[in-house]
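Here the structure is laid out as structure tokens; the discussion comes afterwards.
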Amino acid sequence: MTPATDLNLLDPRAAKATSVKAEDETANSSEPTALTITAAVSNPKMFTLPWEQPLATWPKDLLANLPRGISRHVVRFVRVGNEVYAMKEITRQVAEREYELLRRLEKLELPCVSPVAVVTGRHNREGERLEAILVTKHLKFSLPYRALFARNLQADTAERLIDALAVLMVRLHLAGFYWGDVSLSNVLFLRDAYAFSAFLVDAETGDLHIALTEGQREYDIDLARTNIIGELMDLSSGKLLPGDVDEVEVGNRLVDRYHSLWSTLTDTEKFGPDEMWKIEKRVNKLNELGFDVDELEMKTAEDGKRVLVRPRVVDAGYANRKLLRLTGLDVQENQARRLLNDLDAYRASTWREGEDLEIVATDWMREVFEPTVRMIPKEYRSQIEPAQFFHEVLDHRWFLAEKAGHDVPMAEAVESYITNVLPSYKIDSKTMEQLNAEADSGVIDDESSYNDPDDPDADYNPDDDPDAAVWSH
């Protein structure tokens with residue numbers, strides 16, 4: 001983490017993000033003697049949870065049956081009132097540090113899970129100390145990468161996930177965040193029209209700096225490539241990866257995509273006095289990539305004949321912010337672009353090009369978008385985002401029209417999509433159990449399961465397990 005003396009140099013939103021100040025892991029300070037919950041949200045039901053029990057033994061009626069990613073720690077999804085929180089059991093210093101980092105990243109409006117609380121001073125009924133728990137809000141509609149591959153997805157899924165991860169890394173690096181442990185396992189993915197959006201879910205090894213050096217960025221990239229190739233090979237061995245996917249090529253794609261995007265966002269270009277139109281072209285290209293430009297730094301080159309131009313990119317979300325302003329819908333960037341395109345088509349089809357766009361958008365919401373998403377069956381409303389549903393229905397409608405040779409009514413397209421496509425979103429119970437069993441296979445600190453009388457490995461000792469030793473280091 002950035003030293004305290006440098007906090008004043010950080011973006012004020014990050015510097016003042018939290019009152020939690022994590023201490024060094026090597027510090028030998030005493031553990032809290034009483035239960036302490038430091039929370040970013042007010043949810044009284046937090047105090048009713050069984051903090052005196054190891055997380056792995058919490059009652060099943062509290063748990064939400066959602067797919068978990070592979071983790072070295074015990075992780076569970078817990079229902080707390082109307083919310084679903086992800087709980088991770090880790091040491092106090094790590095919990096406080098990760099909570100602090102996530103708070104700072106959230107204030108910088110970067111794509112990460114939302115920190116809810118850090119719980120320390122836990123003890124069981126016998127007075128023995130339990131590890132702390134980091135609480136984050138479950139990212140609705142998101143999935144870990146293994147759950148995505150457990151479904152019948154397109155052959156280029158791996159490439160699309162890598163593209164999303166490259167965008168996430170660039171955004172984090174632009175903000176000065178050094179990840180230190182980039183992998184598919186440390187990311188959650190949301191469908192974003194044809195693509196995916198990636199969100200950081202594990203910041204244990206991260207650091208927030210004023211700016212990153214090229215060496216720090218390259219280390220993150222190299223580590224990401226190595227980890228991703230290994231993870232894809234693991235998927236391949238489990239027959240979850242299409243046979244024609246080259247794991248090394250996909251890993252190399254991340255490096256290429258990252259460098260290409262970083263160059264587009266940060267390079268200084270030279271323009272002649274009669275080439276000023278190229279400046280607007282570059283800004284438009286950045287907008288198409290989803291990034292907003294805050295300022296353009298322009299100065300004359302030494303020869304006095306050319307102008308040096310460097311954009312100051314503030315963040316992604318160009319289309320998202322436009323749609324939010326027009327309709328109040330807060331969706332992913334590619335979803336926003338698709339919805340804006342449909343809004344434009346609606347405007348043209350109703351002969352209203354000269355009318356105020358805000359008024360047209362209100363009618364489009366009432367007449368097109370809302371009636372469509374209201375048709376999502378109840379059992380799927382926790383499986384697919386309304387904006388993604390709308391996007392996929394539009395695609396399905398085009399497919400049906402091409403097959404039929406004429407236009408297809410929207411209601412008919414929705415019914416066909418619900419019957420023929422939407423069921424693929426569900427993960428069956430057997431697959432869910434397998435995914436969560438794999439997620440727990442890497443846990444090194446689940447001591448509550450060591451002496452389970454129903455477990456054939458009841459005498460298991462992690463100190464004698466070479467794989468556990470590797471994980472723990």
Side-chain angles (χ1 to χ4, degrees), residues 67 69-70 111 139 141-174 179 181-202 217-218 220-265 285-286 288-291 316 319 331-338 384-385 387-388 391-392 395-396 399 421 424-425 427 435:
I70 292 176
L139 184 60
F141 306 112
S142 68
L143 288 171
Y145 78 101
R146 295 185 72 89
L148 285 167
F149 282 102
R151 298 174 171 185
N152 185 22
L153 293 177
Q154 298 176 21
D156 66 345
T157 296
E159 287 83 358
R160 290 184 291 144
L161 295 183
I162 291 306
D163 291 347
L165 181 55
V167 172
L168 174 62
M169 289 183 66
V170 166
R171 292 184 64 183
L172 292 173
H173 285 176
L174 284 170
W179 200 332
D181 188 20
V182 188
S183 69
L184 292 172
S185 297
N186 291 336
V187 177
L188 287 174
F189 293 95
L190 277 176
R191 291 177 184 269
D192 183 11
Y194 302 108
F196 289 95
S197 293
F199 290 76
L200 179 144
V201 71
D202 193 326
R217 292 193 300 104
E218 290 300 326
D220 253 0
I221 298 166
D222 185 61
L223 182 62
R225 176 186 176 277
T226 301
N227 286 341
I228 286 164
I229 291 173
E231 288 169 321
L232 293 179
M233 286 181 172
D234 184 47
L235 284 177
S236 182
S237 66
K239 303 187 184 306
L240 291 175
L241 196 67
D244 59 348
V245 173
D246 185 326
E247 299 90 346
V248 175
E249 184 179 320
V250 173
N252 292 337
R253 179 188 179 95
L254 173 73
V255 178
D256 294 340
R257 290 286 293 166
Y258 175 92
H259 284 140
S260 174
L261 185 55
W262 184 268
S263 175
T264 301
L265 296 176
K285 182 179 180 181
L286 292 171
E288 288 170 6
L289 288 170
F291 288 84
V331 303
Q332 303 304 307
E333 184 68 8
N334 290 314
Q335 292 170 347
R337 191 175 291 115
R338 184 68 189 277
I384 185 169
E385 288 180 282
Q388 185 68 22
H391 157 75
E392 294 191 13
D395 272 2
H396 191 67
F399 168 78
V421 181
S424 65
Y425 269 80
I427 300 177
L435 286 169

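Basis for what follows: all heavy atoms, side chains included, without hydrogens, waters or symmetry-related copies.
The minimum heavy-atom distance between Ser142 and Leu190, with the atom names listed, is N-CD2, 3.4 Å. Heavy atoms only, all atoms of each residue included: Val331 and Ala336 are closest at CG2-N, 3.6 Å. Considering every non-hydrogen atom in both Ala198 and Pro111, the closest pair reads O-CB, 3.6 Å. Taking both residues in full, the closest heavy atoms of Ala147 and Ile427 are given as CB-CD1, 4.2 Å, listed atom of the first, atom of the second, then distance.
Under the side-chain contact (heavy atoms from CB on, under 4.5 Å) criterion, Asp181 pairs with Arg72, Asn186, Thr205, Asn227, not counting sequence neighbours. Checked against salt bridge (Lys or Arg N to Asp or Glu O under 4.0 Å), Asp395 has the following partners two or more places apart in sequence or in another chain: Arg338. Under the rule for a side-chain contact (heavy atoms from CB on, under 4.5 Å), the partners of Arg257 that lie at least two apart in sequence or sit in another chain are Asp163, Ala166, Arg253. In this structure Asn334 satisfies the side-chain contact (heavy atoms from CB on, under 4.5 Å) test together with Asp192, Ala193, Ala195, Arg337, sequence neighbours excluded. Gln335 meets the side chain to side chain donor-acceptor pair (under 3.5 Å) test with Glu385, Gln388; sequence neighbours excluded. Scanning for side-chain contact (heavy atoms from CB on, under 4.5 Å) contacts around Glu218 gives Glu214, Ile221, His259, with sequence neighbours left out. Listed by chain and number, the residues in a side chain to side chain donor-acceptor pair (under 3.5 Å) with Ser237 amount to none (sequence neighbours excluded). Among residues two or more places apart in sequence or in another chain, the salt bridge (Lys or Arg N to Asp or Glu O under 4.0 Å) test is passed with Arg217 by none. Among residues two or more places apart in sequence or in another chain, the salt bridge (Lys or Arg N to Asp or Glu O under 4.0 Å) test is passed with Asp202 by Lys88. Residues satisfying the salt bridge (Lys or Arg N to Asp or Glu O under 4.0 Å) criterion with Asp220, sequence neighbours excluded, are absent altogether.
For Phe399, the CZ atom counts as loosely surrounded, since its 6.0 Å shell holds 12 or fewer non-hydrogen atoms of other residues, nucleotides or ligands.
Put simply, the side chain of Gln332 never gets that close to the backbone of Arg191: no donor and acceptor are under 3.5 Å apart.
The stretch residues 224-236 participates, sequence neighbours left out, in these salt bridge (charged side-chain N to carboxylate O under 4.0 Å, His left out) pairs: Arg146-Asp234.
In this structure, CD1 on Ile384 lies 3.5 Å from OH on Tyr425, to the nearest 0.5 angstrom. Atom CD1 of Ile228 and atom CG of Leu184 lie 4.5 Å apart (nearest 0.5 Å). To the nearest 0.5 Å, atom CG of residue Leu161 and atom CG of residue Leu254 are 11.5 Å apart. We find the CZ-OH distance between Arg160 and Tyr194 to be 11.5 Å, quoted to the nearest 0.5 Å. Atom CG of residue Leu168 and atom CZ of residue Phe196 lie 14.5 Å apart, to the nearest 0.5 angstrom. A distance of 13.0 Å separates CD1 in Ile229 from OG in Ser236, rounded to the nearest 0.5 Å.
Aromatic ring pairs are classed by plane angle as parallel below 30°, tilted from 30° to 60° and perpendicular above 60°; the pair Phe149 and Tyr145 is perpendicular.
Looking at heavy atoms from C-beta onward, Val245 lies out of side-chain contact with Thr157 at the 4.5 angstrom threshold.
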